[in-house]
Amino acid sequence: YTRKRYQDALDQYRKVADLTPDNMIGHRAIGAMYVALEQSTEAEEAFKKSIAIEPTYIAYNNLATLYFRRRRYSDVIPVYEKALALNDRDYKVWGNLASAYYWTGEREKAKEPFERAIKIAEGQRAVNPRDATVLSHLADYHSMLGKKNEALNLIKKALSAGSGDLDVIKRAVDVYEIVGQRDQALAWIEQGLKKGVPPKEFDSRLALKQLRTDKRYDQLLIRYRKRP
């Protein structure tokens, strides 16, 4: 979708919501379009409308993810917990809940949901051992649990299976930085930029707070910031 196509889709979903105001799927779709358009306040309102009509796992997860991206951690944890109360089989939601605890400094509370995320993700890995998304998430979780060797082994496998996947590359950068391999983190930032990851993605990643103070980071990104 281009921005115009997102706006066109939003206009259509609004018409649906006007005709059927109690349609929770319509409001949820409106929220998703606002997220795509980077209008977070409007997206939050739409997701809340969907939940008010009928609380669903998807709507709770969407709202929590929005809060997480905006670093509203005091809000995100209870919403992820409500999502998990409706569906506890998605490893990503367990991982996001654990990450919220982790980045707010509650590392002990992060351990149990990380372990739950790993257990479920390993089940998916058994079905498809070369799923780069699953492998990269597992690497990320292990890195935050302090399991360096496991994290490095998994992220290498993820990159081998999906080195062209921008989300995998971004997770690889996080993993390498968390386990203390900054040269590798910088190398994969460069790969990501070459493949089209916007510089702002690396500017906002929580795992890269210390890395961004490294002068090599600015030297690396400066030529990409100038691009239209």
Is the backbone of Met24 close enough, under 3.5 Å, to the side chain of Ser50 for a donor and an acceptor to pair up by distance?
-> yes

Side chain to side chain, Tyr91 and Gln124, heavy atoms closer than 4.5 Å = yes

pair Ile155-His142: side-chain heavy atoms closer than 4.5 Å | no

Give the minimum heavy-atom separation between Leu154 and Ala139, together with the two atoms involved.
-> CB-CB, 3.7 Å

So if you build clusters from Ile, Leu, Val, Met, Phe, Trp, Tyr with side-chain heavy-atom gaps below 4.5 Å, do Ile118 and Met144 land together?
-> yes

Does the side chain of Tyr57 come under 3.5 Å of the side chain of Asp90 through a donor N or O and an acceptor N or O?
-> yes

Ser136 side chain vs Thr133 backbone, donor-acceptor pair below 3.5 Å | yes

Tyr217 side chain near Asp203 side chain, heavy-atom distance below 4.5 Å | yes

Would you please name every residue forming a side-chain contact (heavy atoms from CB on, under 4.5 Å) with Ser160, sequence neighbours left out?
-> Arg130

Centroid-centroid under 6.0 Å between Phe47 and His27 rings | no

Is NZ or CZ of Arg107 both nearer than 6.0 Å to the six-membered ring centre of Tyr102 and within 45° of the ring axis?
-> yes

Once the angle between the rings of Tyr141 and Phe114 is folded into 0 to 90°, is it parallel (under 30°), tilted (30 to 60°) or perpendicular (over 60°)?
-> tilted

Would you mind reporting whether Lys195 and Leu166 have side-chain heavy atoms less than 4.5 Å apart?
-> yes

Any side-chain heavy atom of Glu45 sitting closer than 4.5 Å to one from Tyr34?
-> no

Does Asp88 offer a backbone N or O that forms a donor-acceptor pair with the side chain of Trp94 under 3.5 Å?
-> yes

Return yes if some donor-acceptor pair links the side-chain N/O of Thr20 with the main-chain N/O of Asn23 below 3.5 Å, else return no.
-> no

Using atom types as modelled and distance alone, determine if a side-chain donor or acceptor of Arg182 lies under 3.5 Å from a backbone N or O of Tyr176.
-> no

Side-chain donor-acceptor pair under 3.5 Å between Glu81 and Tyr60, yes or no?
-> no

